[in-house]
Asker: 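Take a look at the following structure, please.
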Amino acid sequence: MPNPTASLLHGLNDAQQQAVLTTQGPVLVVAGPGSGKTRVLTHRIAHLIQDLGVMPENILAVTFTNKAAGEMKQRVEKLIGAGAASGLWIGTFHSIGVRFLRQNPGIVADRLGLLPNFVIYDDADQMALAKQAVVAVGLDPKQVAPRRMLSRISAAKSEMLDPDDFVKTVEKYDDEVVARVYREYQRLLKKANAIDFDDLLVMPIRLFDAAPALLERYQALFHYILVDEYQDTNRVQYILVSALADRYRNLFAVGDPDQSIYAWRQADIRNILGFNQDYPDATLIKLETNYRSTRRIVEAADRLIRENSQRIERTLRTDNDDGEMVSLRELSDERHEARFVVDEIRRLMNIHHVSPNQIAVMYRTTAQSRVLEESFRMSEINYRIVGGLRFYERREVKDVIAMLRVLHNPADELSLLRTIENMPIGRGIGPKAIDQVRSWSALNQTTTTEGFVALAPSLALHDSPPLTGASRSAAQKLGSVIAQLRELEKELTLTQLFDALVDRSGYQGSFNHESEEDMERWSNVLELRTDLEDFDALPPGEALATYLDQVQLVSDADTMKDGSVPQVTLITLHSAKGLEFPIVFITGVEEGLLPVSRAIENEAVDPNAIEEERRLFYVGITRAEKLLYLTYTAGRTRYGRYESTIPSRFLANLPVESVKTHGTRASGAGSLAQRSRAWSSMPGTKRTGPLPASARPAEPDWAVRNVPDAAPPSPTYAAGMQIFHPKFGEGQITEIAERRDDQELVIEFKRHGTKRLLGSLAKLDVIS
DNA sequence: CCGTCGAGGCCCGAC
DNA sequence: GCCTCGACGG
């Protein structure tokens, strides 16, 4: 074996080096949070390519997000040179699944009945389809919730059960309902020439079953396979990986059972716990040294996770400094909580010159983000929300994508209906007209979209029964525009096609330039256009297909753009997996939220649910490098009603000596003591020590070092200046208070009243 | 065909 | 409390 380049091993500890160098045979790396897992993965890939001469295309690396895949590839190329990793198979399970299917259009069509222009249905599409399926089998969507059907169907698919297999497992009436809906759902998917997310994993396995030679080809291709976040793989993913690794058996799995947080989507922790049974010759490597967080944070995390029974015994340690105390704080309600977070962030930015992008605010449920966002919106602090209403879920963006999908895959009736509903071109076509075209199309053995296209020429000339009057000309227009755009697709770039689409569909014209809301929506449509530019280099015909695949696989975490403006990150605990921030706030550390109420309700039947919640908290805590804030409230509005709350039982698991508590004046120390009694009486709670009942005023004495993005020196303002603020618009500075190295400005905005802003932070343009 | 209004569900998490 | 969906009237 050639000597590894010193640089590839430089700075790695013994265990990390072993993980990089043990290239032959199965290896399981149990990697605690912050233990340099990503470094190991990237250095290992670099080592394989550079030192062992492995071709990049012979390596398959599975990551948890597309973003992680991109970053990992970049880091590898940084180690061994730009372009040196090109050809590397790296991506999420889903993107690799779609790649298998796209690479073999012939066999996929032949064996799976999926035509080459198949589309991927997202959450909303799946929901609509599930609802159709419920109705189609004669049930009421109000009684048989499509969402529940979907989650059952998804669970079945994750276990590799097709409708026929599922029927055999039926035990009660409810299962029978699911079985019927599942069968119909699959029928509708096939009819639409579409597949859902789960199918992206299931279909490749079916493909390999049907065409063993194909599997052998991939087995021969992948000399080395690396899988990140192995603890969160489900059965289908497990089967796929084991099948692919069967020939060379160079499977490198990295994971952490303590960070398993996806049992609800059928992640099976047994995949990682049973690795040794699957591969008795496996090398086990543990990465237990945390390089990310201060000792206090590591200790808090370690003590918390020790309370779980479902785990591999392991100690997380660190050589880092003690750092600051973990700050635990009670607020009276969610508004005060949000205000505290914003105020504290402002203070950190102001006094300690922390950049917003060093800060994350985390929560258990997306619903919590709303109040937080309100507070941020009122402040001058830049923020972004990961998840929530995603860009691609916005109505206007979905409208355009739906029409693009119709052009690409005429069988996608869901998208056709959306187009008719939301595009001006669909105006005048009601359910009646659609039904008629649908029947006509069925008679003529074609799709409804093709029906509109085929009928258009004759409709232009005369009433073609059954389409008459208003619906006749409307249907004619729709059919001919679709036909025109499809012709254009063959010769134009995607952006040109986009321009033609928003023009001829009348979509662009439907936005009112006087309406702020419309203009906001139109700007989103234009942002979509910017997206398309990346695909203009591809040959027409191929660009649209590639774009549509990609757009369906964008995850929340992927949409976190770095660079440009520094922003505070608002993110769910789930989405925060794999990320790190110097400063982390975890909000809503309460019974009902963390652990979430559903886990509490099921506690007696399924104690594992509570353990998963604890792991989720653990994931959150271990995202923090320097500073960790935990907040909970005395009461919170839920479903529009105020309810008083109890602090999370998990708080009692934290080591007293690393946590500093701050009560609010309203609740005070007394109530905190009461609450601590409530904790100790809670089932399943082991207290590690009483939390100090005293609440001293908070003034942590610390500073984040090495701040790369420290605010630039701010311009000087003077009273009387007319200014412009990106959010609040025009205003006048009425008062200025000089601070040590900043100015506090009082500004009267024309529209938004009086605000107090900091000169260094507010992005003001001086008008006069 | 389009807008308005009330009822009811919703909020556990995501590719 | 907000959003979505279906019923109803213009």
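Chain letters run A, B, ... following the sequence lines, proteins first and then strands; every chain starts at 1.
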Asker: Please figure out whether A:His94 or A:Glu421 has its closest DNA chain B nucleotide nearer the 5' end.
Answerer: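 Going by which nucleotide is closer to the 5' end, it is A:Glu421.
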Asker: Without decimals, in angstroms, what is the distance between A:Asn602 CG and B:dC12 P?
Answerer: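 Computing the A:Asn602:CG to B:dC12:P distance gives 11 Å.
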Asker: Reckon A:Leu594 touches a base, only the sugar-phosphate, or nothing at all at heavy-atom distances under 4.0 Å?
Answerer: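 The answer is nothing, as A:Leu594 stays clear of every strand by at least 4.0 Å.
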Asker: Could you say whether the aromatic ring of A:Tyr262 and the base of B:dG13 stack, counting only centre distances under 5.5 Å and plane angles under 30°?
Answerer: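 Given the distance and angle limits, no, they do not stack.
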Asker: When the ring planes of A:Phe166 and A:Tyr182 are compared, do they come out parallel, tilted or perpendicular, using 30° and 60° as the limits?
Answerer: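 Geometry flag for A:Tyr182 against A:Phe166: perpendicular rings.
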Asker: Judged by modelled atom types alone, do A:Asn422 and A:Asp399 share a side-chain donor-acceptor pair under 3.5 Å?
Answerer: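 Result is yes, a qualifying pair exists.
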Asker: Can you tell me if A:Asp549 and A:Thr546 form a side-chain donor-acceptor pair at under 3.5 Å?
Answerer: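 There is no such pair between these side chains.
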Asker: Using side-chain heavy atoms (C-beta onward) and a distance below 4.5 Å, is A:Glu373 in contact with A:Tyr383?
Answerer: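 Yes, at least one pair of side-chain atoms sits under 4.5 Å.
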Asker: Report which part of the nucleic acid A:Asp122 touches: base, sugar-phosphate, or nothing (heavy-atom distance under 4.0 Å, all strands).
Answerer: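 No contact.
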Asker: Students often get this wrong, so: under 4.0 angstrom with heavy atoms, is A:Lys432 touching a base, only sugar-phosphate, or nothing?
Answerer: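 No contact.
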Asker: Closer than 4.0 angstrom, basic N to acidic O: yes or no for A:Glu421 and A:Arg418?
Answerer: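 A:Arg418 and A:Glu421: not salt-bridged.
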Asker: When the P atoms of B:dG13 and C:dT4 are considered, how many whole Å apart are they?
Answerer: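 That atom pair is separated by 16 Å.
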Asker: Is the gap between the ring centers of A:Phe208 and A:Tyr218 under 6.0 Å?
Answerer: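 Yes - the distance between ring centres of A:Phe208 and A:Tyr218 falls below the 6.0 Å cut-off.
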Asker: Can you measure A:Gln266 atom CD to B:dC15 atom C1' for me and round it to whole angstrom units?
Answerer: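 Computing the A:Gln266:CD to B:dC15:C1' distance gives 13 Å.
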Asker: Please list, for nucleotides 8-10 of chain C, all pairs of protein and nucleotide N/O atoms separated by less than 3.5 Å.
Answerer:
none

Asker: Mind calculating the distance between CD1 (A:Ile261) and P (B:dC15) to the nearest angstrom?
Answerer: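 So the CD1-P distance, A:Ile261 to B:dC15, works out to 11 Å.
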Asker: Is there a donor N/O on one and an acceptor N/O on the other, under 3.5 Å, for the side chain of A:Asp123 and the base of B:dC15?
Answerer: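 A donor-acceptor contact between them is present.
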Asker: Please list, pair by pair, any protein nitrogen or oxygen found under 3.5 Å from a nitrogen or oxygen in nucleotides 3-11 of chain B.
Answerer:
none

Asker: Charged N to carboxylate O below 4.0 Å: is that the case for A:Asp125 and A:Lys398?
Answerer: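 A salt bridge links A:Asp125 with A:Lys398.
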Asker: Write down the distance between CD1 (A:Ile600) and P (B:dG13), rounded to a whole number of angstrom.
Answerer: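 Rounding to the nearest Å, CD1 of A:Ile600 and P of B:dG13 are 15 Å apart.
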Asker: Quick one: stems for DNA chain B, with Watson-Crick or G-U pairs under 3.5 Å, at least three in a row?
Answerer: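 As far as DNA chain B goes, consecutive pairing (with distances under 3.5 Å) yields the stems B:1-10 with C:1-10.
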Asker: Side chains of A:Asp333 and A:Tyr642 only: does a donor on one sit below 3.5 Å from an acceptor on the other?
Answerer: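 A:Asp333 vs A:Tyr642: no donor-acceptor pair found between side chains.
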Asker: Identify, with sequence neighbours excluded, every residue that meets salt bridge (Lys or Arg N to Asp or Glu O under 4.0 Å) alongside A:Arg521.
Answerer: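 Checked A:Arg521 against salt bridge (Lys or Arg N to Asp or Glu O under 4.0 Å); matches are A:Glu396, A:Asp518.
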Asker: Nearest to the side chain of A:Lys131, heavy atoms from C-beta on, is which of B:dA14, C:dG6, B:dC15?
Answerer: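 Minimum distance to the A:Lys131 side chain belongs to C:dG6.
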Asker: Starting at atom CD of A:Glu373, determine the distance to atom C1' of C:dC2, rounded to an integer number of angstrom.
Answerer: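 Between C1' of C:dC2 and CD of A:Glu373: 14 Å.
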Asker: Does B:dC15 have OP1 or OP2 under 4.0 Å away from a side-chain N or O of A:Lys157?
Answerer: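 No, outside the criterion.
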Asker: Would you tell me if any nitrogen or oxygen in the side chain of A:Arg427 comes within less than 4.0 Å of OP1 or OP2 on B:dC2?
Answerer: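 Checking B:dC2 against A:Arg427, a side-chain N or O does come within under 4.0 Å of OP1 or OP2.
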Asker: Over 60° means perpendicular and under 30° means parallel, so classify the ring planes of A:Tyr547 and A:Phe535, tilted if in between.
Answerer: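 A:Phe535 vs A:Tyr547 ring planes: perpendicular.
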Asker: Can you list everything that forms a side chain to side chain donor-acceptor pair (under 3.5 Å) with A:Glu337? Sequence neighbours excluded, please.
Answerer: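 Side chain to side chain donor-acceptor pair (under 3.5 Å) list for A:Glu337, sorted by chain: A:Thr631, A:Arg636.
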Asker: When you check the side-chain N and O atoms of A:Tyr618 and A:Glu613, is any donor under 3.5 Å from an acceptor?
Answerer: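 There is no such pair (donor and acceptor under 3.5 Å, judged by atom type) between the side chains of A:Tyr618 and A:Glu613.
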Asker: Expressed as a whole number of angstroms, how long is the span from A:Leu573:CG to B:dA14:C1'?
Answerer: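 Rounding to the nearest Å, CG of A:Leu573 and C1' of B:dA14 are 14 Å apart.
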Asker: What is the distance from NZ of A:Lys398 to P of C:dT4, rounded to the nearest Å?
Answerer: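 Atom NZ in A:Lys398 sits about 12 Å away from atom P in C:dT4.
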Asker: Starting at CG of A:Asp232 and ending at C1' of B:dC15, how long is that distance when rounded to a whole Å?
Answerer: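 Rounding to the nearest Å, CG of A:Asp232 and C1' of B:dC15 are 12 Å apart.
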Asker: Using the salt bridge (Lys or Arg N to Asp or Glu O under 4.0 Å) criterion, which residues pair with A:Glu580? Sequence neighbours excluded.
Answerer: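 Per chain and number, A:Glu580 pairs via salt bridge (Lys or Arg N to Asp or Glu O under 4.0 Å) with A:Arg292.
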Asker: How far, in whole Å, is B:dC12 from C:dC5 if one measures between their C1' atoms?
Answerer: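 Pairwise C1' distance, C:dC5 against B:dC12, rounds to 24 Å.
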Asker: So, is A:Ser575 near the phosphate of B:dA14, with a side-chain N or O under 4.0 Å from OP1 or OP2?
Answerer: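 So the side chain of A:Ser575 is within the cut-off, an N or O lying under 4.0 Å from OP1 or OP2 of B:dA14.
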